Amino acid sequence: MYQIIDGKRISQEIKDELREKVAQLKAEGGSRCLAVIQVGADPASSVYVNNKKKACEYIGIESLSYGLREETTEEELLKLIEELNGKKEVSGILVQLPLPKHIDEEKILLAISPEKDVDGFHPVSVGNLSIGRPGFVSCTPAGVIQLLKRSGIEIEGKECVVLGRSNIVGKPMAMLLLRENGTVTVCHSRTKNLKEITGRADILVVAIGKPKFIDESYVKEGAVVIDVGIHRDANNKLCGDVDFERVAPHCTAITPVPGGVGPMTIAMLMNNCVEGV
Ligand code: GUN
């Protein structure tokens, strides 16, 4: 029998711990405030932004919400970020991605003060992670580490394979697994002999962005499989990068989609808001 790693339960556990921490913080006269900026009205982004605001409310973090029109200029957005950087009461700044095409995403992420970079996307945050200094860590990979730790899965000394090399998931995931003393290999769409490499993994983290890409032929018997993907299949049902039905019977533990990695991203964002750098 395999263990299903319950991201919904674990994310709730983390949110409840944070809620207690914030209550204590407030009793000592402290507070936390997250500024959430959305440019345009992309429906998926609106759902994410709303969920982030709701999580803030649950935990007791104040949130400042900036819903800017699609035509907002880069200069206007930079000016708002500058303002928020300078506000002592704002502890975190989040610019929801993707941004409209006329705005240079990299320039915007660079403008956010690394002290308020709760998404962990600023090059200074990324650099700090890679050399083992304290700093904000990208929320989804940080959530994967919590899923493993809170499910009693040891990382130290394990063969960890990360499939995907994005700046937001794959690369920071590899750094975090390394920090936990895993032996880490990063694979991607151009990797040769992919099955040979994924087949060695004790812990396989899949973030390749292709629905049901991983079947049992990629997975070692008894592996732990973490699925970061989220897609809709032909029947409009949510699915991940892993073909759960085929892979699960060969695993020791596996995350489902939905209810695995997904809920952890917001929980870790809240963690970053509460704990700071
Ligand atoms: N868009 C999709 N995921 C994210 C995220 O984690 N942070 C931000 N800022 N935008 C996103």
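Every heavy atom of this structure was used, including side-chain atoms; hydrogens, water molecules and symmetry mates were not. Every value quoted in this text rests on a predicted model; they were computed, and no experiment measured them. Counting convention: from 1, in listed order, for ligands and their atoms alike.
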- Mind checking whether Met268 has a heavy atom under 4.0 Å from ligand 1? no

- Item | Ile214-Ile197 co-clustered via ILVMFWY side chain contacts under 4.5 Å | yes

- Query: Among protein heavy atoms, which sits nearest to atom 1 (N) of ligand 1, and what does the distance come to when rounded to 0.1 Å?
  - Reply: Leu97 O, 2.9 Å

- Query: Short question: side chain of Ser91, backbone of Cys33 - any donor-acceptor pair under 3.5 Å?
  - Reply: yes

- Give a yes/no on ligand 1: does Phe121 have at least one heavy atom closer than 4.0 angstrom to it? yes

- Query: Taking atom types as modelled, is there a side-chain donor on Tyr58 or Gln12 under 3.5 Å from an acceptor on the other?
  - Reply: yes

- Task: Enumerate the atoms of ligand 1 whose separation from the nearest heavy atom of Val95 is less than 4.0 angstrom.
- Result: 8 (C), 9 (N)

- Within-cut-off N or O pair, Asp119 and ligand 1, under 3.5 Å: yes

- Task: For ligand 1, note which part of Ile168 has a heavy atom under 4.0 Å away: side chain, backbone, both or neither.
- Result: neither

- Main-chain N/O of Glu115 paired to Ser113 side chain as donor or acceptor, under 3.5 Å: yes

- Message: Are Phe136 and Phe121, when compared by the centres of their aromatic rings, separated by less than 6.0 Å?
- Response: no

- Task: Among all protein heavy atoms, pick out the one at the shortest distance from atom 11 (C) of ligand 1; state its residue, atom name and that distance to 0.1 Å.
- Result: Gln96 NE2, 3.3 Å

- Does ligand 1 have a heavy atom under 4.0 Å from the side chain of Gln38, from its backbone, from both, or from neither? neither

